[in-house]
K.L.:
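Have a look at this one.
Heads up: numbering here begins at 1 and tracks the sequence. The structure displayed is predicted, hence computed values, not measured ones.
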Amino acid sequence: MSRDLVPSNIENAFMLKALTENVRLDNRSFNQLRNLSIQFSEHEYGVVDVRLGRTRVIGRISAEITEPYPDRPSDGVFIIATEISPMAAPTFETGRKSEEEAVISRIIEMSVRRSGALDTESLCIITGEKCWAVRADVHFLDHDGGLVDAACIAVSAGLLHYRRPDISIEGIGIQRKVIVHPLSERVPVQLSVLHVPICVTFSFFDMRKTNSTLSLWDNRESEKLSEASQDQGDDDDTVTAVLVDATMQEELLRHGYMNVTANTNREICQIQKGGELAVDVGTLLSCAEAAIGVAERITKLINRLLKEDEAGRNVGILAESRAENDR
């Protein structure tokens, strides 16, 4: 890992000590998300800019006509591609996929594609011959933690915002031809999105290990924390701190994490657990319930922004029509 991304020992000790006092460095509560900004492109469908705190991700949805897979002749194709360059963080290298990037790509794949968010059967044009291939490109521009969460939001919002060109089929049998109509000729077609998956990452801190780390820096504080830990007993619920939407520094120091993807149907699309810290059933259920609540709030935000974007486009179309009539 690049030295640029490794906080100093003093910074680490300060942050860990703050956690023992139920305080985060950015003054958020343990279950509070950072500021979320979602912006849709005014000139192109399917392009969305997502900012989660200082983390920034660009998602772009595109589609082209291709042949379906032989084992799924009546389904279209949905592909997710990620690109993390050194511009996001010095830990990533151009042309070389790191282990962290592979994990991020796999979680996004499970959260969106394998959960069946997009109805691939609606992408079929001619069974066994032609179908739409929808591609979601995710570009990570700034990394300050929460890459998976921001990428999942970008892909889900992009699928809802994207419009593919309308088509028509002419001819019979082998003479059939698929004609793609430009957006200026026909109203574009919205994709069939069955549900909106939203990923929420939970970071776990073992406060007993945190106390051991702090003992290297302040013996007096260590004695106080040891006494508090003894009073709490051995119950994992009392010695494990759970943080939502961790920053990059918090991610570097956490002892475990869990990615939970949920939707407004109160369905859990996927759960990915990592790290050395074990999580009990009660904590898992609490995180799943919290993820459902976050998914509902973010989905409402996306739907509201989509309505505003559509209203703005309609105003622009009316203005252009009036200008043409005046001429």
K.L.:
Identify the heavy atoms of Val242 and Phe30 that sit nearest to each other, and give their distance.
P.N.:
O-CB, 3.5 Å
K.L.:
Yes or no on side chain to side chain contact (heavy atoms under 4.5 Å, CB included) for Ile179 and Ile167, after CA distance, side-chain angles and deciding distance?
P.N.:
CA-CA 5 Å; Ile179 300 177; Ile167 60 173; over 6 Å; no
K.L.:
Can you list the other members of the hydrophobic cluster that holds Ile79, where links are side-chain heavy atoms under 4.5 angstrom apart?
P.N.:
Tyr69, Val77
K.L.:
Indicate the atoms forming the closest heavy-atom contact of Gly145 with Glu251, along with that distance.
P.N.:
CA-OE2, 3.4 Å
K.L.:
Answer yes if Leu191 and Leu160 sit in the same cluster of Ile, Leu, Val, Met, Phe, Trp and Tyr residues linked by side chain heavy atoms under 4.5 Å apart, and no otherwise.
P.N.:
yes
K.L.:
Do Phe40 and Val47 pass the side chain to side chain contact (heavy atoms under 4.5 Å, CB included) test, and can you show the C-alpha distance, the side-chain angles, and the key distance before you say yes or no?
P.N.:
CA-CA 6 Å; Phe40 296 104; Val47 178; over 6 Å; no
K.L.:
How many angstroms lie between atom CZ of Phe202 and atom CG of Asn31, to the nearest 0.5 angstrom?
P.N.:
9.5 Å
K.L.:
First locate atom CG of Leu36, then atom CG of Asp149, and finally report the distance between them rounded to the nearest 0.5 Å.
P.N.:
10.0 Å
K.L.:
Do Val138 and Glu83 make a side-chain contact, defined as non-hydrogen atoms from C-beta onward lying under 4.5 Å apart?
P.N.:
no
K.L.:
If you look at every heavy atom in Cys152 and Ser111, which pair is closest and at what distance?
P.N.:
SG-CB, 4.1 Å
K.L.:
Of all the heavy-atom pairs spanning Asn259 and Cys199, show the shortest one and how long it is.
P.N.:
CB-SG, 3.9 Å
K.L.:
Please check: side-chain N/O of Glu109 versus main-chain N/O of Arg106, any donor-acceptor pairing under 3.5 Å?
P.N.:
no
K.L.:
So Val50 and Ile58, do their side chains get closer than 4.5 Å, heavy atoms only?
P.N.:
no
K.L.:
Does the pair Lys300/Glu296 count as a salt bridge with the N-to-O cut at 4.0 Å?
P.N.:
no
K.L.:
Quick check: do Asp206 and Phe204 have side-chain heavy atoms less than 4.5 Å from each other?
P.N.:
no
K.L.:
What is the distance from atom OG of Ser37 to atom CG of Leu305, rounded to the nearest 0.5 Å?
P.N.:
8.5 Å
K.L.:
Please walk me through it: do Leu147 and Ile104 pass side chain to side chain contact (heavy atoms under 4.5 Å, CB included)?
P.N.:
CA-CA 8 Å; Leu147 289 181; Ile104 292 172; 3.7 Å; yes
K.L.:
Quick one: does Arg24's side chain have a donor or acceptor within less than 3.5 Å of a partner on Ser29's backbone?
P.N.:
yes
K.L.:
Could you check whether atom CZ of Arg163 has more than 12 heavy atoms from other residues, nucleotides or ligands sitting under 6.0 Å from it?
P.N.:
yes
K.L.:
Would you check if the side chain of Arg28 reaches a backbone N or O of Asp245 as a donor-acceptor pair within less than 3.5 Å?
P.N.:
yes
K.L.:
Can you confirm whether more than 12 heavy atoms, excluding those of Arg186, are under 6.0 Å from its CZ atom?
P.N.:
yes
K.L.:
Going by heavy atoms in the side chains, are His195 and Cys269 under 4.5 Å from each other?
P.N.:
yes
K.L.:
Charged N to carboxylate O under 4.0 angstrom, Arg34 versus Asp26?
P.N.:
no
K.L.:
Is there a path of hydrophobic side-chain contacts, each under 4.5 Å between heavy atoms, that joins Leu16 and Val23?
P.N.:
no
K.L.:
Can you tell me how far the CE atom of Met15 sits from the OG1 atom of Thr20, to the nearest 0.5 Å?
P.N.:
10.5 Å
K.L.:
Check whether Glu250 reaches the backbone of Thr247 with its side chain - one donor and one acceptor, N or O, closer than 3.5 Å.
P.N.:
yes
K.L.:
Do Glu289 and Arg266 sit within salt-bridge range, that is, some charged N less than 4.0 Å from a carboxylate O?
P.N.:
yes
K.L.:
Evaluate the criterion salt bridge (Lys or Arg N to Asp or Glu O under 4.0 Å) for residue pair Glu64 and Arg135; output intermediate values, then yes/no.
P.N.:
CA-CA 8 Å; Glu64 63 179 2; Arg135 179 185 175 95; over 6 Å; no
K.L.:
Assign the ring pair His255 / Phe205 to parallel, tilted or perpendicular, where the plane angle (0 to 90°) is split at 30° and 60°.
P.N.:
perpendicular
K.L.:
Donor-acceptor check, side chain of Ser203 to backbone of Ala246, threshold 3.5 angstrom: yes or no?
P.N.:
no
K.L.:
Take Arg313 and Glu42 through the test salt bridge (Lys or Arg N to Asp or Glu O under 4.0 Å) and record every step on the way to the result.
P.N.:
CA-CA 8 Å; Arg313 292 177 184 273; Glu42 298 179 357; over 6 Å; no
K.L.:
Which of these passes side-chain hydrogen bond (donor to acceptor under 3.5 Å, both in side chains) with Asp309: Arg304, His161, Gln39?
P.N.:
His161
K.L.:
Quick one, Met110 and Ile108 - any side-chain contact, counting heavy atoms below 4.5 Å?
P.N.:
no
K.L.:
Less than 4.5 Å apart, any side-chain heavy atom of Arg164 and any of Gln190?
P.N.:
no
K.L.:
So do Gln270 and Ile107 actually touch side chain to side chain, heavy atoms under 4.5 Å?
P.N.:
yes
K.L.:
Please assess Cys131 against Thr66 for the test side chain to side chain contact (heavy atoms under 4.5 Å, CB included), listing each intermediate value before the final yes or no.
P.N.:
CA-CA 6 Å; Cys131 70; Thr66 185; 4.0 Å; yes
K.L.:
Verify the neighbour count for atom CD of Glu67: are there more than 12 heavy atoms of other residues, nucleotides or ligands below 6.0 Å?
P.N.:
no
K.L.:
Do His181 side-chain atoms and Leu183 backbone N/O form a donor-acceptor pair below 3.5 Å?
P.N.:
no
K.L.:
Examine distances only and state if a side-chain atom of Ser105 and a backbone atom of Ala102 form a donor-acceptor pair shorter than 3.5 Å.
P.N.:
no
K.L.:
Run the salt-bridge test on Asp142 and Arg51 with the 4.0 Å N-O cut-off and return the result as yes or no.
P.N.:
no
K.L.:
Nearest 0.5 angstrom please: Ser156 OG to Ile298 CD1, how far?
P.N.:
9.5 Å
K.L.:
Give the minimum heavy-atom separation between Phe140 and Val57, together with the two atoms involved.
P.N.:
CD2-CG2, 3.6 Å
K.L.:
At their closest point, which heavy atom of Phe78 faces which heavy atom of Ala136, and how far apart are they?
P.N.:
CE1-CB, 4.1 Å
K.L.:
Mind checking whether Leu159 and Val134 have side chains closer than 4.5 Å, heavy atoms only?
P.N.:
yes
K.L.:
Would you say Ser115's side chain and Val112's backbone share a donor-acceptor pair under 3.5 angstrom?
P.N.:
yes
K.L.:
For the hydrophobic clusters of this structure (ILVMFWY residues joined by side-chain heavy atoms under 4.5 Å, transitively), does one cluster hold both Ile125 and Val189?
P.N.:
no
K.L.:
Any donor and acceptor pair, going by atom type alone, linking the side chain of Thr55 with main-chain N or O of Asp144 inside 3.5 Å?
P.N.:
yes
K.L.:
Scan side-chain atoms only and decide if Thr264 and Thr299 contain a donor-acceptor pair under the 3.5 Å cut-off.
P.N.:
no
K.L.:
In this structure, would Ile268 and Leu194 fall into the same cluster of hydrophobic residues linked by side-chain contacts under 4.5 Å?
P.N.:
no
K.L.:
In Å and rounded to the nearest 0.5 Å, what is the CD1 to OG1 distance from Ile292 to Thr261?
P.N.:
11.5 Å
K.L.:
Got a donor-acceptor contact below 3.5 angstrom from the Asn265 side chain to the Glu267 backbone?
P.N.:
no
K.L.:
Mind checking whether Leu243 and Leu253 sit in one hydrophobic cluster, side chains of I, L, V, M, F, W, Y counted as touching below 4.5 Å?
P.N.:
yes
